[in-house]
Amino acid sequence: MSELHPLSRRLLDWYARHARSLPWRETRDPYATWVAEIMLQQTRVDTVIPYYHRWMTRFPTLHTLAESSLQDVLACWEGLGYYSRARSMHRAAGLIIRDHGGTFPSDLHTLLSLPGIGSSSAADILSIAFGQDMAALDGNIKRVIARLYDLPDELDTPAFLRRCRSLLDELLPSGRAGDFNQSLMDLGAGICLPGVPLCDTCPLSENCLARERQSQATRPVTRPRAAIPHVQVTAGVLLQSYNHSQQVLIARRPQSGLLGGMWEFPGGKQEAGESLDASLIRELHEELGVSVEVGRKVGVFKHAYTHFRVTLHAYLCHILSGEPSALAADEIRWVTLPDLSGYPMGKLDRMISEALVKLPD
DNA sequence: GAACCGTGGCT
DNA sequence: TAGCCAAGGTT
């Protein structure tokens, strides 16, 4: 990391001409850089852009974020996925104010101590917002390095990571780490693509060992994933009349785990040998302590999570006996249909909400 | 080390 | 359709 490596010079020259124009690149505000970094974890740039604008309008500073309710934060994040990111940011904002005087931390150790910030995001923040000489190692950069040097090690094994870090340290241009990291990310996102890379337009094609050996398609080396299960799930929409309007019951999921802190219509997985009706009756008894009669079907909705696929069957339900209590949820609440839009929900429950609003009496 | 954690786009 | 993947982090 002393003199400018020829490969790094090519990269920086290419970046100077071809860098993507992105909203978070118009500032060096550490808070804005942080927001973008977290949103971009496992998430495409095109998906993030509208969320980033909305977030920076709604929570323009660290203080506005810290002073907002978790519900408002989750609502702003709805649809972006991996909701622990939003919960972690809300928590981290409070910690920065409480423990660091409201000044965004600029050292690696402190950044890594904050929830939601790991080595990759920390290196990006330090290099981009603070100009520190720190190499980032994310999915794009791993792929680019694995091809440039035709690494035979399996992705994310200790040997693979060790070689990547060593190579990046040799390449890292002093004083230009932010541009260097982002140039590798842009190269990975636009040219050194996972499937078929666009080697004809790559500024590093002459330096690329995988291209020379025609091994691009098998770099980096990855292991096949296990097949994901497909489960049948039921959800119940409990109804009650309140004044002259109808209310439905929603429940807030525990803060940890899948869709933590998000609201949902209670229900659960169908067990082997169980009918959908029986499954729903059982689930609502377990989660709310009520006996119900299953009414008309609201709809069937399909959705794919990372580790399983769901077909969800939603029904209107009527309470036969018992008063609902939050046995499995953090909180339950009766709300009118127009109010549903204000409660943060995952994709499936939002689909149920939308179907309810359109449902004829 | 491996499982878990969302969603949308593309093949 | 089902699989793959995307600026990862936590447990």
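Chain letters run A, B, ... following the sequence lines, proteins first, then strands; residues in each count from 1. Here the structure is a predicted model, which is why all the values come from computation and not from measurement.
DNA chain B is contacted by A/G79, A/L80, A/G81, A/Y82, A/Y83 of residues 79-93 of chain A, taking any non-hydrogen atom closer than 4.0 Å.
Distance alone, capped at 3.5 Å, is enough to place a donor-acceptor pair between the A/S68 side chain and the A/T64 backbone. A donor-acceptor pair under 3.5 Å is formed between the side chain of A/R87 and the backbone N or O of A/G260. Using a distance-only test at 3.5 Å, with no hydrogens or angles considered, a donor-acceptor pair links the side chain of A/T33 to the main chain of A/D29.
The side chain of A/P158 lies closest to B/dG1, out of C/dA6, B/dG1, C/dA7. Of the candidate nucleotides C/dA7, B/dA2, C/dA6, C/dA7 has the atom nearest to the side chain of A/W24. Closest contact between the side chain of A/T43 and the listed nucleotides B/dG1, B/dG6, C/dA7 involves B/dG6.
Taking only distance into account, the side chain of A/R44 meets the base of C/dC5 through a donor-acceptor pair shorter than 3.5 Å.
Rounded to whole Å, the separation between the P atoms of C/dA7 and B/dC4 comes to 24 Å. Nucleotides C/dA6 and B/dG6 are separated by 12 Å at their C1' atoms, to the nearest Å.
No side-chain N or O of A/E170 forms a donor-acceptor pair with one of A/H5 less than 3.5 Å apart.
Within 4.0 Å (heavy atoms only), A/P224 reaches no atom of the nucleic acid at all. Within the 4.0 angstrom heavy-atom criterion, base atoms lie near A/A304.
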Task: Working for ring pair (Phe, Tyr, Trp, His ring centres under 6.0 Å), residues A/W334 and A/Y242 - done: CA-CA 9 Å; A/W334 290 100; A/Y242 183 79; 9.7 Å; no

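Nearer to the 5' terminus of DNA chain C, by closest-nucleotide assignment, is the contact made by A/R25 (compared with the other of A/G116 and A/R25). Each of A/S119 and A/T222 lies near DNA chain C, and the nucleotide nearest A/T222 is the one positioned closer to the 5' end.
For A/Q42, a side-chain nitrogen or oxygen approaches OP1 or OP2 of C/dG8 to under 4.0 Å. Between A/H307 and B/dA3 there is no side-chain N or O to OP1 or OP2 distance below 4.0 Å.
More than 12 heavy atoms of other shown residues, nucleotides or ligands fall within 6.0 angstrom of atom NE2 in A/H18.
Distance A/R143 CZ to C/dC4 P: 16 Å, rounded to the nearest Å.
A salt bridge does not link A/R253 to A/D349: none of the charged nitrogens lies less than 4.0 Å from a carboxylate oxygen.
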